[in-house]
Amino acid sequence: MRRQYFPTRRSRPDRSRPWLAVGLLVLSLAGIGWVFTAGVNTQTDAAVADPPPPRKTENAPDLIEKADVHILLGKTRLINLEVDPIKVDFDGRPYQVSTSLDLGLQQYLLERMDRVNSRYIGIVAMQPDTGRILAMAGFNKINPDQDPCRMAEYPAASLFKIVTAAAAVEEKGYTAGSRFKFNGYKHTLYKRQLTDKTNRYTNSISLRDSFAQSVNPVFGKIGALVLNREILEAYGDAFAFNRQVDFELNLPTSRLAVTDESYHRAEIASGFNRQTTLSPLHAAVIVSAVVNGGNPVEPTLVDRITSDDGKPVYRSAPQFLTAAVSPQTADVLDQLMTATVTSGTARKIFRGYKRNKVLSRLKLGGKTGSIYNRAHDARFDWFVGFATEKKGPEKMVVAVMVAHEEYIGIRAGQYARMAIEHYFKDYFAKKVQAEKDSSG
C-alpha cells in the first residue's frame, strides 16, 4: 500500500493556540499591514480565548491567508446570500467582500426549497477546476443559526463507496468490469453475506453495477476480505476525512473511524453505518477529485476582500489538495458514477436527460446514499455528482443532503438536477450570445 501517496498539501497552523492579549490589533493605514502586539503565549489563562490575528501571505505580504479570512469575517453569515458584494466591519473599519456565488442559481434554489417536509437541507454547487462555490444554500429547522452546508454531522451513508471503490481500484487493480459475487438482497448487510461461499442463489455483478446500484454486500466484502484498516484509513485521509480543508469560513472536520474487526470494516466500506460523517461542502470536494483526474480542489467562497479605500486585503486563487488517487483510478470512478445516472440509483431522477435540451449536452455522473438517524424520525438523503460540458470546458460538481421527516418532499437528486439544469441553461444562453456578439 502506497501510504506515502497521501501527504497533506501543507502543514496546518495550530488554531487552538490561545494568546494573552495585552495589546491591540491594528490595521495600518499605509497598507493592510496587520500588526499585533501580543504578550505571553500560555495554555492556562482563561482570558486568552481570542484567536491570533490574520497572517500575511509569503508571496503577497499585503494580503492575508485564506485560512485566516474567517477572523476578518467574524460572525458574518455567507450562506443563503442574495446580494453581492457584502459589507463587513472589522476593528472598526468597513470592508467589501466579493463572493464567487452565482446569485441567479442561488436564488433559484432558495425559492424551491421544501421547508415543510425537511429538517435539514444543504446544497453546494462548485466549479471543480477552481474550487469557486457557485451556490451554497441551506435550511436548518432545528437551529437556523447553523450552516447545514458546512456541518459535518450527517451520516455519509453510501457516499463512502466512492472512497472504497477508489481504494479497491488503486490498491487491487480492479476495473469497472471486475466481477464480484454476493448472496441475499442488495441493500442489506448481514455477516452471512460476507463470505465467499457460493450456491445456486449466488449473484454475479460487475464493480460498475455494484456501485451504480449501491450493492452493500459487494462493498462490505471488499471492506471485510480485501481492504484492511490501514488502507481504508489512508484513503479516507486522501479524500480529506479527519483533517482540515482550508476554507474562508470555519469548516468542521468530517469523521472516519475504522477498527480491525471485519464486520465493522464491512460497515465502513459500504457506508452501512452512522459513524462516518460528512458535510455537503466536503462531499463536493470529494467529487472534484473524480473530475480533476484524482486531485481534490480546495473550496473557495470569497473571491476578494478590499478595504474602504479600495486596497486589496485578500484575493482567492485555485488551490488543490495532494492527489487522492491516480488519473487512471479517477477515470474508473468516473465510469462508476456515470453508470449511477444511466442505469443505477439516480436513473429515475435524470430520466429523459438524453432528450433534454440542456442535459443532453452534458456528461453526467453521481452517487446516491440514504440512511435513517438513530431516532428513526429523519431519513438522510444524499446526491453528489458532476456535470461536464461535452463540447466545451465548463464543469460543475454538486452535493446535496436532505433530511426528510415524516413525509418525503423534494429529494436530494431533484435539487441536484435543478441546479445543473438551471446553471447550464444560463451558461449556454450566455455562450450563444457571446458568439453572436463576436461574429457581429
Side-chain angles (χ1 to χ4, degrees), residues 10 12-19 21-38 48-107 110 124-127 130-138 144-147 149-150 244-252 281 297-319:
R10 59 176 180 267
R12 294 282 306 173
D14 182 359
R15 300 273 179 75
S16 64
R17 296 176 302 173
W19 292 80
V22 296
L24 296 174
L25 179 62
V26 181
L27 291 176
S28 127
L29 296 176
I32 188 60
W34 298 94
V35 179
F36 184 61
T37 307
V48 295
D50 291 337
R55 299 153 298 175
K56 305 173 188 178
T57 62
E58 295 179 3
N59 297 329
D62 287 340
L63 302 179
I64 64 173
E65 293 186 359
K66 176 182 180 181
D68 289 332
V69 171
H70 72 96
I71 299 174
L72 184 146
L73 293 176
K75 296 182 179 180
T76 304
R77 288 174 56 85
L78 296 185
I79 189 171
N80 298 338
L81 287 182
E82 299 183 66
V83 295
D84 186 67
I86 63 172
K87 302 286 186 180
V88 300
D89 289 317
F90 179 78
D91 196 39
R93 291 185 172 88
Y95 293 87
Q96 180 170 280
V97 178
S98 300
T99 75
S100 57
L101 292 171
D102 180 325
L103 291 182
L105 174 61
Q106 178 104 331
Q107 185 63 39
L110 288 171
V124 175
M126 183 178 72
Q127 291 178 331
T130 64
R132 297 179 74 246
I133 292 176
L134 303 169
M136 193 168 80
D145 290 332
Q146 285 187 333
D147 179 354
C149 294
R150 291 185 290 130
Q244 289 282 331
V245 174
D246 276 350
F247 189 50
E248 291 95 354
L249 300 171
N250 285 321
L251 183 60
L281 185 53
V297 72
E298 281 187 5
T300 179
L301 178 59
V302 177
D303 273 347
R304 60 189 176 277
I305 302 175
T306 55
S307 60
D308 57 346
D309 56 1
K311 292 181 179 179
V313 175
Y314 169 76
R315 188 182 302 116
S316 175
Q319 298 282 353

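The structure presented is a predicted model; accordingly, all values stated were derived computationally and were not measured.
- For the pair V297/T130, no side-chain contact is recorded, criterion being any heavy-atom separation below 4.5 Å from C-beta on.
- No donor-acceptor pair closer than 3.5 Å links the side chain of D102 to the backbone N or O of A135.
- Formation of a donor-acceptor pair under 3.5 Å by the Q96 side chain with backbone atoms of P85 is not found in this model.
- Checked by atom type and distance alone, the side chain of R150 pairs as donor or acceptor with a backbone atom of N250 at under 3.5 Å.
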### Task
Check the pair D84, T99 against side chain to side chain donor-acceptor pair (under 3.5 Å), reporting the backbone distance first and the verdict last.
CA-CA 7 Å; D84 186 67; T99 75; 2.9 Å; yes

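- Proximity of a side-chain donor or acceptor of E82 to a complementary backbone N or O of L103 within less than 3.5 Å is not detected.
- Note: H70 NE2 to I64 CD1 = 9.5 Å, rounded to the nearest 0.5 Å.
- In summary, of the residues considered (E248, E298, Q319), a side chain to side chain donor-acceptor pair (under 3.5 Å) with K66 occurs for E298 alone.
- When atom types are taken as modelled, the side chain of Q127 and the backbone of R132 share no donor-acceptor pair closer than 3.5 angstrom.
- Looking at I71 and F90, their side chains come closer than 4.5 Å, going by heavy atoms from C-beta outward.
- Put simply, the side chain of P299 reaches to within 4.5 Å of the side chain of V245, judged on heavy atoms.
- For the atom pair CG (L134) and CG (L301), the distance works out to 10.5 Å, reported to the nearest 0.5 Å.
- Within the 3.5 Å criterion, the main-chain N or O of D145 finds a donor-acceptor partner in the side chain of R77.
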### Audit row: L249, L251, side-chain contact (heavy atoms from CB on, under 4.5 Å) steps and yes/no
CA-CA 6 Å; L249 300 171; L251 183 60; over 6 Å; no

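- Side-chain atoms of S100 come within 3.5 Å of backbone N or O of I133 as a donor-acceptor pair.
- Side-chain contact check for V302 versus L78: some heavy-atom pair is nearer than 4.5 Å.
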